[in-house]
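First comes the structure, then the notes that go with it.
Proteins get letters first, then strands, A, B, ... in listed order; numbering begins at 1 in each.
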4 protein chains.
Amino acid sequence: MGKLDLNKKQKKDSLLNTAFDLFITQGINKTTISDIVKNAGVAKGTFYLYFKDKYDIRNKLISHKSSQLFSKAHNAVLANKIEKFDDSIIFIVDYVIDELNKNKSLLTFLSKNLSWGVFKKALINPALDSDVNFYEIYLNMIENSKCVFIEPEIMLFLILELVGSTCYSSILYNEPVEISVLKPHLYDTIRNIIKSHQKPEDES
Amino acid sequence: MGKLDLNKKQKKDSLLNTAFDLFITQGINKTTISDIVKNAGVAKGTFYLYFKDKYDIRNKLISHKSSQLFSKAHNAVLANKIEKFDDSIIFIVDYVIDELNKNKSLLTFLSKNLSWGVFKKALINPALDSDVNFYEIYLNMIENSKCVFIEPEIMLFLILELVGSTCYSSILYNEPVEISVLKPHLYDTIRNIIKSHQKPEDES
Amino acid sequence: MGKLDLNKKQKKDSLLNTAFDLFITQGINKTTISDIVKNAGVAKGTFYLYFKDKYDIRNKLISHKSSQLFSKAHNAVLANKIEKFDDSIIFIVDYVIDELNKNKSLLTFLSKNLSWGVFKKALINPALDSDVNFYEIYLNMIENSKCVFIEPEIMLFLILELVGSTCYSSILYNEPVEISVLKPHLYDTIRNIIKSHQKPEDES
Amino acid sequence: MGKLDLNKKQKKDSLLNTAFDLFITQGINKTTISDIVKNAGVAKGTFYLYFKDKYDIRNKLISHKSSQLFSKAHNAVLANKIEKFDDSIIFIVDYVIDELNKNKSLLTFLSKNLSWGVFKKALINPALDSDVNFYEIYLNMIENSKCVFIEPEIMLFLILELVGSTCYSSILYNEPVEISVLKPHLYDTIRNIIKSHQKPEDES
DNA sequence: TATGAATGAGGGTTCATTCAT
DNA sequence: CATGAATGAACCCTCATTCAT
């Protein structure tokens, strides 16, 4: 990568980082492009060299940040040598919840903007260069388990939406209960969702 | 109610109705107060006699519209003489889903703004005059069933968040599957949630 | 007219006058709406209460200014009791040329934007309240003369375009000759145009 | 011409052609230098190696395009062996009108920017290499005719301005009449202009 | 000669809010 | 209570121009 390309990447990264910081501290609606460029230390026009508008940079951030999160979670699964499928899922969920609990701003940012549609774009068809394809990882996890599942996509969908929406309220507002109280109920429900999508093991 | 009070109520109602129409047709961000007052046929200043700002009128609408929805659903439960608790819950969910499927704009409006926090304000502490206290109804339903539940609030929370977030994606975008395909999975999960919160019947 | 209406008219007039001054001193392209409102002493938003954009106010000015000009010219015809048709036309043209020669900024403004199309809108269907319908006056002048003309509209068109385009160059740049030198050639041509559209007098 | 020079000429020509296309399709005001270089396939900076700004390239195009037009018209005069002076003028005017009628974009471009001043620069002192000096041709035509004219420059001026301004309206908007209806009136007027500038033939 | 990333002043426009009527 | 003209800060975005490569 030449000096020029490096400089370009630095500018773009600076914009992304600054935008993220502003989005989580003062919200997207209240963050202006003027704010972003001022804090990033670039000229206004430069923003438009890299992004279409505020929502373009937001979408790229969602993709990137959620990819990072799931990537870390999956690495932890590997590092801890979790074997069984349902344990892995619970582990990932628990890991993600703990991360979001530590980083509430990230939770605000992601949950307010996340949805299955964005999630698919973000994780299944990663937009950014280095981003990971989490759905593929998920399918591999299923394959490596000895079980067979019906409608694995719906199963993932149910789990993701349930976790995403309940965490938001519980972590940020302790409503209806704080996250530690919610967890057992949540994991119980997740195990039930997995169980009910599992084809009866065909033993012989 | 005097003639003047009636006139006042008409103006306020006109603003509420107009705002709702605009919110669901062009989104909240793109709806201006000018739009609202122009379509409502009142002067700009009048808006500020009744509401603080755009978000004030939005919150009142969320409360009102979700209250209406659950109220209708509950009446249908009574009319259909559903007896068992879990059947009632499924019936209500199914009723609400069908309503939202028929009225996608309402779904967009509610789901984009709904959360357990707002829901509580809306349904548990109804803001508007005629609005119904759904949480009380829910507790009555539990009481009338012969069962005992642990943490009924968490149970309701889990169900509401699960239904809310999955429906949004499924009804509006058929993602990951269309609502008719999703329903059995959803209801299965809901029954599991209920079952796992049910205290072992204490027979004697 | 109430106090409020009067105030409104003052604001609009102030904008029109200021815009005209700026248009003729620094050109339309280089005049910004910020300039106009700043000099008019009103807020930026006020501009948009009365005009759509810069071109809207320009068109209204063209109509108004050319109406004024022709109105003055025609009044001079009456005051000087010019009788014959061709003399009246020459008188009007001469009057207008002298006015434009005295007020070169007005010439710049009008000629750069005038065309038969705009002229028709401006003079034949006067947009502003008090503006005069010059085309009707022209037809009256024909009627009052004892002559009959074929295609009087084309005749007027030829004269107007000829005068408009030659004056611009001659008055502003003395190109190819100064206006006093041009005049006899021009009036000669105009008389020829009139003569060749005149039906042979039917004497008896 | 060396390879490098050829390359240079290609870049300049590409810019000229692209600019012309954009000027006539979307207007000068709405054409940006970015547009031009993007479509021409050269870098932004390259533009400034050949032209001062947008108006510089516009002026060069006006010169070139009008030179081309009159050159073609004059060649047609020669090819058709038109002998008499006034017939030649009418022929040229007619040829030019027909060309502009076939190529309305060119008419828009030229008429919106043409004036005697620009015309002189363009035709009398041709800017571009290959461009023809039409005024010299005109003077030759006069010389070859056996007639003597007073103020031939004014005569040409009157004709050009008359034709230019009336055609614009007639061809583009059919106002006040379509060009075929206008033509006889126009040519009649032109013949009158010529006749009135002709010195009484000095017979002996 | 040629490039094109970077600039940043300044353009048009919107709109929540006020306040004299 | 009701009005709606007026405000003006703040927004997004463009684009001519430069200059290090």
query: Of B:Asn29 and A:Val42, whose nearest nucleotide on DNA chain E comes first from the 5' end?
result: A:Val42

Rounded to whole Å, how long is the line connecting atom [atom1] of [X] with atom [atom2] of [N]?
{"X": "D:Tyr48", "N": "F:dA20", "atom1": "OH", "atom2": "C1'", "result": "17 Å"}
{"X": "C:Lys12", "N": "F:dA6", "atom1": "NZ", "atom2": "P", "result": "12 Å"}
{"X": "D:Lys38", "N": "E:dT3", "atom1": "NZ", "atom2": "P", "result": "16 Å"}
{"X": "C:Lys8", "N": "F:dA6", "atom1": "NZ", "atom2": "C1'", "result": "12 Å"}
{"X": "A:Asp35", "N": "E:dG8", "atom1": "CG", "atom2": "P", "result": "18 Å"}
{"X": "C:Ile33", "N": "F:dA10", "atom1": "CD1", "atom2": "C1'", "result": "16 Å"}
{"X": "C:Tyr50", "N": "F:dA5", "atom1": "OH", "atom2": "P", "result": "7 Å"}
{"X": "C:Leu15", "N": "F:dA6", "atom1": "CG", "atom2": "C1'", "result": "12 Å"}

- prompt: Is there a donor-acceptor pair under 3.5 Å between the side chain of C:Thr31 and the backbone N or O of C:Gly27?
  reply: yes

field: Non-neighbouring partners of C:Lys54 that pass side-chain hydrogen bond (donor to acceptor under 3.5 Å, both in side chains), sequence neighbours left out
entry: none

- prompt: Taking for each residue the nucleotide of DNA chain F with the nearest heavy atom, is it A:Thr31 or C:Leu49 whose nucleotide lies nearer the 5' end?
  reply: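 Its nucleotide being nearer the 5' end, the pick is C:Leu49.
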
- prompt: Nearest nucleotide by nearest heavy atom, which residue falls closer to the 5' end of DNA chain F, A:Phe47 or C:Lys44?
  reply: C:Lys44

- prompt: Would you call C:Ile33 and C:Tyr48 a side-chain contact if the rule is heavy atoms closer than 4.5 Å?
  reply: yes

field: Beyond-backbone contact of D:Asp21 with D:Asn39, side-chain heavy atoms, under 4.5 angstrom
entry: no

Consecutive Watson-Crick or G-U pairs in runs of at least 3, all under 3.5 Å, in which DNA chain F is involved: E:2-21 with F:2-21

message: With no hydrogens and no angle check, just 3.5 Å: does a side-chain donor-acceptor pair link C:Thr32 and C:Asp35?
response: yes

message: Testing the 3.5 Å rule here: is there a donor-acceptor pair between the side chains of C:Lys44 and C:Ser34?
response: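 Looking only at side-chain atoms, C:Ser34 and C:Lys44 do form a donor-acceptor pair, the distance falling under 3.5 Å.
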
- prompt: Touch check for C:Thr46, heavy atoms < 4.0 angstrom, all strands: base, sugar-phosphate only, or nothing?
  reply: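 Counting heavy atoms under 4.0 Å across all strands, the contact made by C:Thr46 includes a base.
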
query: Which one, E:dG12, E:dA6, F:dA6, comes nearest to the side chain of A:Lys11?
result: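 Ranking E:dG12, E:dA6, F:dA6 by closest atom to the A:Lys11 side chain puts E:dA6 first.
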
- prompt: Any idea which heavy atoms bring B:Val37 and B:Ala43 closest together, and the distance?
  reply: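 Looking at all heavy atoms of both residues, the closest pair is CG1-O, 3.8 Å.
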
